[in-house]
Amino acid sequence: MKGKTVVAFASKSGVTEEAATLIAKTLRDNGIETELVNLRKDKKFIASAYDNVVVGGAVRCGKIYGEVENFFKRNNLSKKKAGLFIVSGGGGDPKEHDSALEKYNGSITRQFSDVNFVSNAAFGGMMKIFGKTVFDNRDPEKVRKWAEELSIKLKK
Ligand SMILES: Cc1cc2nc3c(=O)[nH]c(=O)nc-3n(C[C@H](O)[C@H](O)[C@H](O)COP(=O)(O)O)c2cc1C
C-alpha cells in the first residue's frame, strides 16, 4: 500500500514512546497505514517495507539516544519521506526550543543530508529524579498538531 508508514522510536523513561504512540494514532486517524516500532527492542529494524519513516528519540546529557543515529546509518531511505522528532527538556522550553531544534535535530539532518526530511520537530519532555518531577514540559496537543500536518505531507 502506498503511504505505508512506520513510527520508529527510542525511549528510556517513556515520554518519546508516548509521543510516538500519539503520532501513530494521528496518522492512522488520517487514513495512513501506520506501525509502531521500538528501536530499543528491535535494534536491527530495517524499514524497507515502508514508504515513509517517522523517527523519534530523546536527549540525555546533550546526546540523542544512539538508536536514532543507528537507524539512519542502517537504512537506505533514498526513496522515502522522513519525519524526525526529538524530545528534550530544551525542546519544551520556549527560550531553548530553537537552539534545541538546531543542535539536536540538526545533528541528524546535517549528518544524513541525503534523507528527504519533510518535517522536523523538537518536543518537550519530563524528568523525574527519585520519583520527584524535576520538570514536565510535555505538550501532547503540539505533538498531535505536528502529526496532523505531517500526515498531509506524507500523503502528497
Ligand atoms: C539523566 C538525564 C539527562 C538528561 N539530559 C538532558 C539534556 O542534556 N538536555 C535536555 O534538554 N534534556 C535532558 N534530559 C531530559 C530528557 O530529554 C527527558 O527526560 C525526556 O523526556 C526523556 O525521554 P524518554 O522518556 O523518552 O526517555 C535528561 C534527562 C535525564 C533523565
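We count residues from 1, following the sequence as given. Whatever order the structure lists them in is the order used to number ligands and atoms, beginning at 1. No experiment lies behind these values; they were computed from the predicted model shown.
Of all atoms in ligand 1, listed by their number and element, those nearer than 4.0 Å to a heavy atom of V15 are 21 (O), 24 (P), 25 (O), 26 (O). Atoms of ligand 1 found under 4.0 Å from any heavy atom of V87 (numbered from 1 in listed order, with element): 17 (O), 20 (C), 21 (O). Remark: ligand 1 atoms within the under-4.0 Å shell around heavy atoms of G62 are 7 (C), 8 (O). Close contacts of ligand 1 with G90, meaning ligand atoms under 4.0 Å from a residue heavy atom, involve 11 (O). For ligand 1, the atoms sitting less than 4.0 Å from at least one non-hydrogen atom of G125 are 21 (O), numbered in the order shown with element in parentheses.
What sits closest to atom 29 (C) of ligand 1 on the protein, heavy atoms only, is M127 SD, 3.6 Å. What sits closest to atom 5 (N) of ligand 1 on the protein, heavy atoms only, is C61 N, 2.8 Å. Remark: minimum distance from atom 25 (O) of ligand 1 to any protein heavy atom is reached at S13 OG, 2.6 Å. Residue, atom and distance of the protein heavy atom nearest to atom 10 (C) of ligand 1 are G89 N, 3.5 Å. When hydrogens are left out, the protein atom nearest atom 21 (O) of ligand 1 is M126 N, 3.1 Å; that is the closest non-hydrogen contact.
Within the 3.5 Å criterion, the main-chain N or O of A82 finds no donor-acceptor partner in the side chain of N52. Side chain of D51 to backbone of K4: a donor-acceptor contact under 3.5 angstrom is found. At least one donor-acceptor pair closer than 3.5 Å links the side chain of T34 to the backbone N or O of I32. In this structure, the side chain of D42 does not engage the main chain of V37 through any donor-acceptor pair within 3.5 Å.
In terms of N/O distances under 3.5 Å, ligand 1 is not approached by R60. Checking only distances, G14 does come within under 3.5 Å of ligand 1, N or O to N or O. Of the N or O atoms in K12, one or more lie within a sub-3.5 Å distance of an N or O in ligand 1. At least one N or O atom of V59 sits closer than 3.5 Å to an N or O atom of ligand 1.
A cation-pi arrangement is present between K12 and Y65, with the terminal nitrogen or guanidinium carbon under 6.0 Å from the aromatic centre and inside a 45° cone about the axis.
You'll find the side chain of F85 stays beyond 4.5 Å of the side chain of L150, heavy atoms only.
Within the structure, the closest approach of F135 to ligand 1 falls below 4.0 Å when heavy atoms are considered.
Considering each of F123, Y65, F9, the one bringing a non-hydrogen atom nearest atom 22 (C) of ligand 1 is Y65.
Note on ring orientation: taking the six-membered ring where Trp is involved, the planes of F71 and F45 are parallel (angle under 30°, cut-offs 30° and 60°).
A salt bridge is absent between D93 and K95: the closest approach of a Lys/Arg side-chain nitrogen to an acidic carboxylate oxygen does not fall below 4.0 angstrom. Checked for salt-bridge contact, E67 and R74 miss the test: no charged N lies under 4.0 Å from a carboxylate O. Salt bridge status for E141 with R144: present, with a side-chain N to carboxylate O gap under 4.0 Å.
If you look at A58 next to ligand 1, the close heavy atoms, those under 4.0 Å, all belong to the side chain.
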